[in-house]
Undergrad: 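Would you mind keeping the following structure in view while I ask a few things?
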Amino acid sequence: MSTGPTTAGIQGKIVVITGASSGLGEAAARLLSAQGAAVVLGARRIDRLRSLADELTASGAKALALQTDVTHFDQVKKLVDAASLAFGRIDVMINNAGLMPSSPLDRLKIDDWNQMIDVNIKGVLYGIAAALPYMKRQKSGHVINVSSVAGHKVRAGGVVYAATKHAVRVISEGFRQEVKPYNIRTTIISPGAVDTELPNSVTDADVAAGMRKVYEIAVPADSFARAVAFAMSQPDDVDVNEILFRPTAQEY
Ligand SMILES: NC(=O)c1ccc[n+]([C@@H]2O[C@H](COP(=O)([O-])OP(=O)(O)OC[C@H]3O[C@@H](n4cnc5c(N)ncnc54)[C@H](OP(=O)(O)O)[C@@H]3O)[C@@H](O)[C@H]2O)c1
């Protein structure tokens, strides 16, 4: 049993989180676990995942860690299958893994573009593909996809990242409409600047310096975790489809 406080709609749920080795995913894992969820953690840095899972397990929670690269469907499927195998079902799929190596288009950083498309878009689609068969069979489930303020607005220098985050919103809204027969809830969470390792994924020194300035006003990652908990803890017939939040000080 978890020693933390419990919340209706979270206690006992089986939650798969991609990108759980740092930042938003890690914060969500900690909060949901403290509120009684079993968490199944995926990311590439398995050491960090394992130490998080060990810490949560030591405090009485249920947690599993699996090395997962979301650009490979078979690995995402393995992560979701492991959740079902260990806990019998999957209640929530949080497609959170993402990166932001932004730069102006004329720098032609095609490898960065491909990586953002592969992780931020295909990774989300693979998460949906892995979880949907279970949720269809269960006739219940909740898919939470992480977009961004950049999924609502585009800014010079961050075009490809914004395109991927707009895509996440389009995919999520279409998915919402298509899964009505299966009683599946869908939530898009679009954070502004949150203090995580995300700016480290910027590959150009001048862009990174600009990004560090933007992130001076970043808020802690538990802001995201609370948004996830809010969406999850609504009654089953209430589907919170979109949450957009920013630091109070953020203009963009
Ligand atoms: N922080 C913000 O201000 C902000 C604002 C809006 C949206 N977001 C979105 O929030 C999400 C989480 O980012 P974060 O801010 O928490 O940044 P972060 O601390 O850098 O975390 C990113 C996570 O994604 C994982 N990841 C990256 N590539 C992956 C891959 N190929 N396969 C599996 N996992 C992968 C990383 O794990 P490994 O490296 O161990 O694989 C890490 O756990 C992203 O989708 C990001 O776009 C963040």
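First listed ligand is number 1; within each ligand, the first listed atom is number 1.
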Undergrad: Could you list the atoms of ligand 1 found under 4.0 angstrom from a heavy atom of Val119?
TA: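 The list of qualifying atoms is 28 (N), 31 (N).
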Undergrad: For atom 39 (O) of ligand 1, which candidate among His72, Glu26, Met116, Arg44 holds the nearest heavy atom?
TA: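 Ranked by closest heavy atom to atom 39 (O) of ligand 1, first place is Arg44.
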Undergrad: List the closest protein heavy-atom neighbour of atom 44 (C) of ligand 1: residue, atom name, distance to the nearest 0.1 Å.
TA: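 In this structure, atom 44 (C) of ligand 1 has Asn96 O, 3.2 Å as its nearest protein heavy atom.
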Undergrad: Hydrophobic cluster membership, with links at side-chain heavy-atom distances under 4.5 Å among I/L/V/M/F/W/Y: are Val179 and Ile128 in one?
TA: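 Yes, one cluster joins them.
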Undergrad: Any heavy atom of Pro199 sitting closer than 4.0 Å to ligand 1?
TA: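 Distance cut 4.0 Å: Pro199 fails for ligand 1.
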Undergrad: Mind listing the closest non-hydrogen atom pair of Ile121 and Ala167 along with its distance?
TA: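 Smallest heavy-atom distance, with atoms named: CD1-CB, 3.8 Å.
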Undergrad: Please confirm whether Gly192 comes under 4.0 Å of ligand 1, counting heavy atoms of the residue only.
TA: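 Contact check Gly192 vs ligand 1: positive.
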Undergrad: Could you pull out, from Asn145, Leu198, Leu99, the option with a heavy atom nearest to atom 48 (C) of ligand 1?
TA: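 The residue whose heavy atom sits nearest atom 48 (C) of ligand 1 is Leu198.
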Undergrad: Under a 4.5 Å cut-off applied to non-hydrogen side-chain atoms, are Lys109 and Pro101 in contact?
TA: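 Side-chain contact under 4.5 Å: no.
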Undergrad: Where does Thr68 meet ligand 1, judged by heavy-atom distances below 4.0 Å: at the side chain, the backbone, both, or neither?
TA: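 The part of Thr68 near ligand 1 is the backbone, not the side chain.
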Undergrad: Over all heavy atoms of both residues, which pair between Arg185 and Lys13 is shortest? Give the atoms and the distance, please.
TA: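 Closest pair (atom of Arg185, atom of Lys13, distance): NH2-NZ, 3.8 Å.
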Undergrad: Please state which protein non-hydrogen atom is closest to atom 25 (C) of ligand 1 and give its distance, to 0.1 Å?
TA: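 Here the closest protein heavy atom is Gly19 CA, 3.6 Å.
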Undergrad: Under 4.0 Å between a side-chain nitrogen and a carboxylate oxygen: does that hold for Asp222 and Arg226?
TA: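 Yes, charged N to carboxylate O under 4.0 Å.
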Undergrad: Checking a contact table here: which protein heavy atom is nearest atom 34 (N) of ligand 1, and how many Å away?
TA: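 Nearest protein contact, heavy atoms only, for atom 34 (N) of ligand 1 is Ala97 CB, 3.5 Å.
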Undergrad: Side chain, backbone, both or neither: which part of Lys165 comes within less than 4.0 Å of ligand 1 when only heavy atoms are counted?
TA: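 Only the side chain of Lys165 comes within reach of ligand 1.
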Undergrad: Any ion pair linking Arg30 and Glu26 (charged N to carboxylate O, less than 4.0 Å)?
TA: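 Looking at Arg30 together with Glu26, the answer is yes, because their closest N to O distance falls below 4.0 Å.
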Undergrad: Given Thr187, which of His142, Gln234, Glu242 fulfils the side-chain hydrogen bond (donor to acceptor under 3.5 Å, both in side chains) condition?
TA: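 When His142, Gln234, Glu242 are each tested with Thr187, the side-chain hydrogen bond (donor to acceptor under 3.5 Å, both in side chains) holds only for His142.
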Undergrad: Just to be sure I read this right, does ligand 1 sit under 4.0 Å from the backbone of Ser201, its side chain, both, or neither, counting only heavy atoms?
TA: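 Answer for Ser201: neither.
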Undergrad: Whether the Arg45 and Ser22 side chains hold a donor-acceptor pair (N or O, under 3.5 Å, no angle test) is what I'd like checked.
TA: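 Yes, side-chain donor-acceptor contact under 3.5 Å.
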Undergrad: Nearest heavy-atom pair of Ala130 and Lys77: which atoms, and what distance?
TA: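 Shortest heavy-atom separation between Ala130 and Lys77 comes out as CB-CA, 3.8 Å.
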Undergrad: Identify, for atom 31 (N) of ligand 1, the protein heavy atom at the shortest distance, and state residue, atom and that distance.
TA: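 The protein heavy atom lying closest is Asp69 OD1, 3.0 Å.
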Undergrad: With a 4.0 Å heavy-atom cut-off (strictly under), which part of Ala20 contacts ligand 1: side chain, backbone, both or neither?
TA: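 Backbone only; the side chain of Ala20 stays clear of ligand 1.
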Undergrad: When you measure from atom 16 (O) of ligand 1 to every protein heavy atom, which one gives the shortest distance, and what is it?
TA: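 Nearest protein contact, heavy atoms only, for atom 16 (O) of ligand 1 is Leu24 N, 2.7 Å.
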Undergrad: What part of Ala193, side chain, backbone, both or neither, has a heavy atom within less than 4.0 angstrom of ligand 1?
TA: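 Within the 4.0 Å criterion, Ala193 contacts ligand 1 through backbone atoms alone.
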Undergrad: Looking only at distance, does Val194 have an N or O less than 3.5 Å from an N or O of ligand 1?
TA: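 It does: an N or O of Val194 is found under 3.5 Å from an N or O of ligand 1.
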Undergrad: For ligand 1, which atoms have a heavy atom of Pro191 less than 4.0 angstrom away?
TA: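 Ligand 1 atoms under the 4.0 Å threshold to Pro191: 5 (C), 6 (C), 7 (C).
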Undergrad: Is it true that the side chains of Ser103 and Asp204 contain a donor and an acceptor less than 3.5 Å apart?
TA: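 No, Asp204 and Ser103 have no side-chain donor paired with an acceptor closer than 3.5 Å.
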Undergrad: Which one holds for Tyr161 and ligand 1: side chain close, backbone close, both close, or neither close, with close meaning a heavy atom under 4.0 Å?
TA: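 Near ligand 1, Tyr161 shows its side chain, while the N, CA, C and O stay back.
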Undergrad: Nearest heavy-atom pair of Asp239 and Ile184: which atoms, and what distance?
TA: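 Result for this residue pair: OD2-O, 4.3 Å.
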Undergrad: If you have a sec, work out which protein heavy atom is nearest atom 9 (C) of ligand 1 and how many Å separate them, to one decimal?
TA: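 The answer is Val146 CG1, 3.6 Å.
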Undergrad: What is the closest protein heavy atom to atom 15 (O) of ligand 1, and at what distance does it sit?
TA: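 Going atom by atom, the protein heavy atom closest to atom 15 (O) of ligand 1 ends up being Thr196 OG1, 2.6 Å.
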Undergrad: Supply the atom-to-atom distance Arg246 CZ to Ile217 CD1, rounded to the nearest 0.5 angstrom.
TA: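 That separation rounds to 10.0 Å.
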Undergrad: Would you indicate whether the side-chain heavy atoms of Tyr134 and Val16 approach each other to under 4.5 Å?
TA: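 Answer no - side chains too far apart.
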Undergrad: Leu64 and Ala53: which non-hydrogen atoms are nearest, and at how many Å?
TA: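 In this case the closest contact between Leu64 and Ala53 is C-CB, 4.3 Å.
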Undergrad: So if I count the atoms of ligand 1 from 1 in the order they appear, which ones are less than 4.0 Å from some heavy atom of Gly23?
TA: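 Ligand 1 atoms under the 4.0 Å threshold to Gly23: 16 (O), 19 (O).
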Undergrad: Please report whether ligand 1 has a polar contact with Thr71, defined as an N or O pair separated by less than 3.5 Å (distance criterion only).
TA: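 Min N/O separation from ligand 1 is not below 3.5 Å for Thr71.
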Undergrad: For ligand 1, which atoms sit closer than 4.0 Å to a heavy atom of Ser147?
TA: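 Listed by number with element: 6 (C), 7 (C).
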Undergrad: Looking only at protein heavy atoms, identify the closest one to atom 32 (N) of ligand 1 and say how far it is in Å.
TA: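 Looking only at protein heavy atoms, the one closest to atom 32 (N) of ligand 1 is Val70 N, 2.9 Å.
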